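When a ligand or atom number is given, it counts from 1 through the structure's own listing order. Start at 1 with the first residue, then count along the sequence. Because the structure is predicted, anything quoted here is derived from the model rather than measured.
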Amino acid sequence: MKDARMRPPVLDPLFAPVAVIDGIGPRIAKLLGKLLPVPEAMNEPRVLGLVFHLPHSIVDRRQQPGIAHSPEGAIVTLKVRIDRHQPPPRGRGNIPYRVFAHDETGEIGLVYFHAKAAWLEKLLPIGETMLVSGRVEWFNGRPTMVHPDHVVSEENAADLPLVEPVYPLTAGVTPKPLRKAIISALDRVPDLPEWTDPHVVRKQGFSSFRESLQRLHAPRDAADVDLQNPARRRLAYDELLAGQLALGLVRRKMKKSAGRTFGGTGELTQKIRAAFGHPLTGAQERSLGEIHTDQEKPERMLRLLQGDVGSGKTVVALLAMANVIESGAQAAMMAPTEILARQHFASIAPLAEAAGLTIRILTSREKGKQREETLAALKAGEIDILVGTHALFQDAVQFRDLGLAVVDEQHRFGVHQRLMLSSKGQHSDMLVMTATPIPRTLVLTAYGDMDVSKLDEKPPGRQPVTTVAMPLGRYDEIVEHLRKAVAEGRKIYWICPLVEENEELKLASAEERSAALKKAIDAPIGLVHGRMKGEEKDAVMQAFKEGETRLLVATTVIEVGVDVPDATIMVIEHAERFGLAQLHQLRGRVGRGSGQSTCLLLYKEPLGEVAHARLAIMRETEDGFRIAEEDLKLRGEGEVLGPRQSGSASYRLASLADHADLLEIARDDARLVIETDTDLETERGKALRILLYLFERDEAIRLLRAG
Ligand code: ADP
Ligand code: MG
């Protein structure tokens with residue numbers, strides 16, 4: 001819920017719906033909604049959306065070489081005298097209308113298809129000198145210009161934009177009205193107080209917010225629309241600063257309400273270690289040490305545990321939980337899916353119980369009496385660890401004393417949800433685990449200034465996975481290979497192609513594939529997909545785990561965390577459609593046991609450049625951190641974080657790949673502001689409040705009031 005009354009009135013013109021602009025009616029407003037963000041509870045974009053819709057390139061019309069010297073295919077502006085009109089013969093609509101004109105160098109034909117004669121006679125009157133601008137093409141030694149982009153009379157020469165910004169468009173929105181709307185929108189940008197640190201302004205050569213916008217929408221040359229242009233960098237910085245400030249305020253709020261130390265006695269953790277039976281890796285010990293240090297501090301812990309698939313996050317989380325339980329508190333562990341929650345439960349419960357802990361699971365599937373009992377026991381403090389899904393967010397879920405919330409695969413949850421879970425415990429620590437290693441810049445933007453522990457070392461005995469890329473054309477050969485593998489007793493995952501957010505298509509392709517494989521490979525085959533209910537999914541997974549089925553055809557539901565250690569072959573069909581992070585996640589399903597594992601990336605030819613690069617990286621490395629960095633280079637940040645998170649963390653004006661330097665500066669600046677002007681009360685602080693509203697980060701302002 002946005003509280004419009006809180007917004008500084010100076011921003012009102014920008015927060016108005018686009019229809020307030022002259023010339024924008026309901027129809028265009030609706031079309032613009034396909035191009036620009038439409039805020040919640042509004043039917044159309046805001047004026048601000050237009051202002052932030054930046055050109056990606058320019059059309060340069062400054063070349064005026066004269067007709068005869070106009071290069072083939074070049075955009076030029078010509079000053080010509082109109083000589084004669086040549087309409088198509090009657091009834092021959094497919095022949096264009098031609099207007100001939102000349103300058104001192106030669107003659108040109110201006111060509112129009114399906115044009116009305118009356119309109120053209122008015123546009124290009126015979127005997128007049130006109131400026132025309134457009135692309136010149138030569139046919140049989142004669143220059144022509146098909147549908148000039150601009151035609152103006154000599155006295156209106158100033159109306160012809162010699163350098164024209166080019167905007168991203170969508171079907172139905174044409175450049176001219178869009179440009180006009182943007183120009184009107186720019187008139188509504190108020191002069192705003194400067195919120196950026198004066199040193200940064202000077203060092204970066206920034207102009208004001210308003211001037212920067214004007215410059216970007218009226219470029220003088222290609223450099224003016226470049227991502228590294230100071231005007232663009234200024235806006236990118238504004239957006240990044242707003243983001244960092246908002247996250248910083250959330251973090252401060254969480255840290256401030258603290259004052260709790262978990263010393264731990266070591267009693268439970270010793271038992272768990274003994275039951276686990278393996279020594280922890282160096283990275284696990286180091287991360288655990290970092291977590292314990294946080295837990296002993298009177299501040300709240302806010303830590304991200306990053307670790308590649310199979311790096312052993314679970315046992316680290318369990319030991320962290322045991323530490324708070326030793327101090328008499330409870331712990332919760334939340335996973336994004338039912339399957340994962342059950343799997344965590346299954347792997348943690350034996351160890352926890354060996355140490356004498358009481359552990360329960362709570363998802364939407366726990367119903368009735370059993371649920372009531374769990375909730376009551378939780379409230380009474382009889383449960384030490386509660387594992388669950390989103391169901392843990394519900395009001396009915398009350399802990400006696402929640403000391404630590406562990407959130408797995410956090411990037412599927414949003415910042416709001418993170419706040420919600422932490423509000424379950426007055427002083428509870430938070431440990432976020434992600435199996436997708438995230439590049440540092442993204443950690444900053446998505447999680448703010450979170451402390452980070454990395455599991456960058458795998459438990460011993462892991463076999464590297466052999467990764468092979470093959471064209472789908474070799475399907476028969478591949479199936480034959482799989483048939484032999486199954487006969488040798490191996491277990492295989494077959495991942496069906498990604499289909500655009502359409503469960504029905506996904507299902508159809510998965511069903512088709514499993515039927516085809518069933519025919520070719522004489523073995524029991526399981527099928528798991530997103531349409532299945534939790535119980536069904538679990539049953540299919542269980543059958544695969546126990547070896548009743550040898551081959552599991554799946555849509556991407558198995559993407560996260562599922563553990564079948566003796567599955568050693570992963571086939572990914574249409575691997576070219578998957579992002580790097582996803583491929584990496586999927587590959588992580590194999591190579592978990594002692595057997596030699598293979599990942600087959602089946603692709604459809606021809607491979608695009610980016611897809612080719614992705615598959616090459618997959619063959620080259622298994623290092624999730626490296627893959628994550630490459631992923632960021634190949635695609636936008638929004639995609640790396642997944643659709644949910646990108647809603648709250650992706651940027652409109654800043655590009656993390658291009659403005660990473662600014663992100664660092666913004667982080668430092670936000671940190672300084674929060675230390676020195678905690679409630680944003682100084683002059684600059686007030687200006688920063690405006691900035692937060694401008695980038696719709698104003699939830700953070702409510703935190704200021706909440707104290
Ligand atoms: P992640 O959650 O990071 O993907 P898990 O915690 O599921 O990884 O661990 C993967 C597997 O490795 C599990 O079977 C786990 O028991 C095992 N494992 C974890 N740490 C160690 C270790 N230090 N030594 C041996 N095996 C380990
Ligand atoms: Mg895991």
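- For the side-chain hydrogen bond (donor to acceptor under 3.5 Å, both in side chains) condition, the pairs that include at least one residue of residues 352-364, sequence neighbours left out, are Glu338-Thr363, Arg342-Thr363, Thr363-Glu366.
- The shortest heavy-atom distance from Asp408 to ligand 1 is not under 4.0 Å.
- Comparing Gln306, Glu457, Gln284 by heavy-atom distance to atom 20 (N) of ligand 1, the nearest is Gln284.
- For the residue pair Ser311 / Glu457, no side-chain donor-acceptor distance below 3.5 Å is found, with atom types taken as modelled.
- Ligand 1 places these atoms under 4.0 Å from at least one heavy atom of Leu280: 23 (N).
- The ligand atoms of ligand 1 that sit less than 4.0 angstrom from a heavy atom of Thr314 are 2 (O), 5 (P), 6 (O), 7 (O).
- Considering backbone and side-chain atoms together, His278 places no N or O closer than 3.5 Å to any N or O of ligand 1.
- Shortest non-hydrogen contact noted between Lys604 and Glu576 is N-OE1, 3.1 Å.
- Asp401 and Gln330 are not linked by any side-chain donor-acceptor pair at a separation below 3.5 angstrom, with hydrogens and angles left out of the test.
- Compare Gly277, Gly310, Gly307, Ala317 by their heavy atoms: the one nearest to atom 4 (O) of ligand 1 is in Gly310.
- At a 4.0 Å heavy-atom cut-off, ligand 1 touches Asp308 through the backbone alone.
- Heavy atoms of other residues, nucleotides or ligands lying less than 6.0 angstrom from CD of Glu382 number more than 12.
- For Ser453, the side chain to side chain contact (heavy atoms under 4.5 Å, CB included) test picks out Ser287, Glu290, Arg303, Leu305, with sequence neighbours left out.
- Side-chain N/O atoms of Gln306 and Lys454 include no donor and acceptor closer than 3.5 Å.
- In summary, the atoms of ligand 1 found under 4.0 Å from a heavy atom of Thr281, numbered by their order in the structure, are 23 (N).
- Listed by number with element, the atoms of ligand 1 under 4.0 Å from a non-hydrogen atom of Pro459 are 18 (N), 19 (C), 20 (N), 21 (C), 22 (C), 24 (N), 25 (C), 26 (N), 27 (C).
- Here's the thing with Pro279: one of its N/O atoms is less than 3.5 angstrom from an N/O atom of ligand 1.
- At a cut-off of 3.5 Å, with distance as the only test, no side-chain donor of Arg619 or Thr467 sits close to an acceptor on the other residue.
- Taking every heavy atom of Gly312 and a limit of under 4.0 angstrom, the matching atoms of ligand 1 come to 1 (P), 3 (O), 5 (P), 6 (O), 8 (O), 9 (O), 19 (C).
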